[in-house]
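Encoded as structure tokens, the structure appears first; notes follow it.
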Amino acid sequence: MEDRTLTATITESDRDFASLIVARAAEGKLIVMGLDPVWDRLPEQFRRKKGKLATKPGYKFQAKAYLEFCKAIVDATADLVCCFKPQIA
């Protein structure tokens with residue numbers, strides 16, 4: 001039978017992240033929050049450009065809107081979840 005053991009190198013930053021996850025789990029915070037912004041479902045406040053709803057925004061405006069939206073979600077839920085998982089597809 002073939003050995004399919006996975007190996008990984010754990011860096012110092014990985015260890016810090018893992019420690020944070022363990023600490024959050026010890027606090028009973030076991031939820032992983034997925035951040036998967038979809039343009040048409042963003043609240044209007046993030047889709048407005050100069051006060052008007054941006055119907056055909058450029059990629060830079062969309063990227064900024066996604067960032068601001070995700071930051072707002074993180075700020076609002078940081079004390080409730082153990083980590084965040086950005087989704088890009």
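This is a predicted model, so every value here is computed, not measured. Atoms considered below: every heavy atom in the structure, side chains included; atoms not considered: hydrogens, waters and symmetry mates.
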TODO: Grab the two heavy atoms, one from F61 and one from W39, that are nearest each other, plus how far apart they are.
DONE: CE2-CH2, 3.6 Å
Task: Gap separating the CZ atom of F69 from the CZ atom of R41, nearest 0.5 angstrom - done: 9.5 Å
Task: side-chain contact (heavy atoms from CB on, under 4.5 Å) between L35 and Y66, worked out - done: CA-CA 9 Å; L35 300 172; Y66 291 150; over 6 Å; no
TODO: Search all heavy atoms of R47 against all heavy atoms of L42 and return the closest pair with its distance.
DONE: NE-O, 2.8 Å
Task: Side chains of C70 and P86 in contact at under 4.5 Å (non-hydrogen atoms) - done: no
Open item on the list: Please enumerate all residues that pass side-chain hydrogen bond (donor to acceptor under 3.5 Å, both in side chains) together with Q45, with sequence neighbours excluded.
Closed with: none
Open item on the list: Listing request: all salt bridge (Lys or Arg N to Asp or Glu O under 4.0 Å) pairs with a residue in residues 71-86, at least two apart in sequence or in separate chains.
Closed with: E68-K71
Open item on the list: Please say yes or no: joined through hydrophobic side-chain contacts below 4.5 Å, possibly via intermediate residues, are V81 and V32 part of one cluster?
Closed with: no
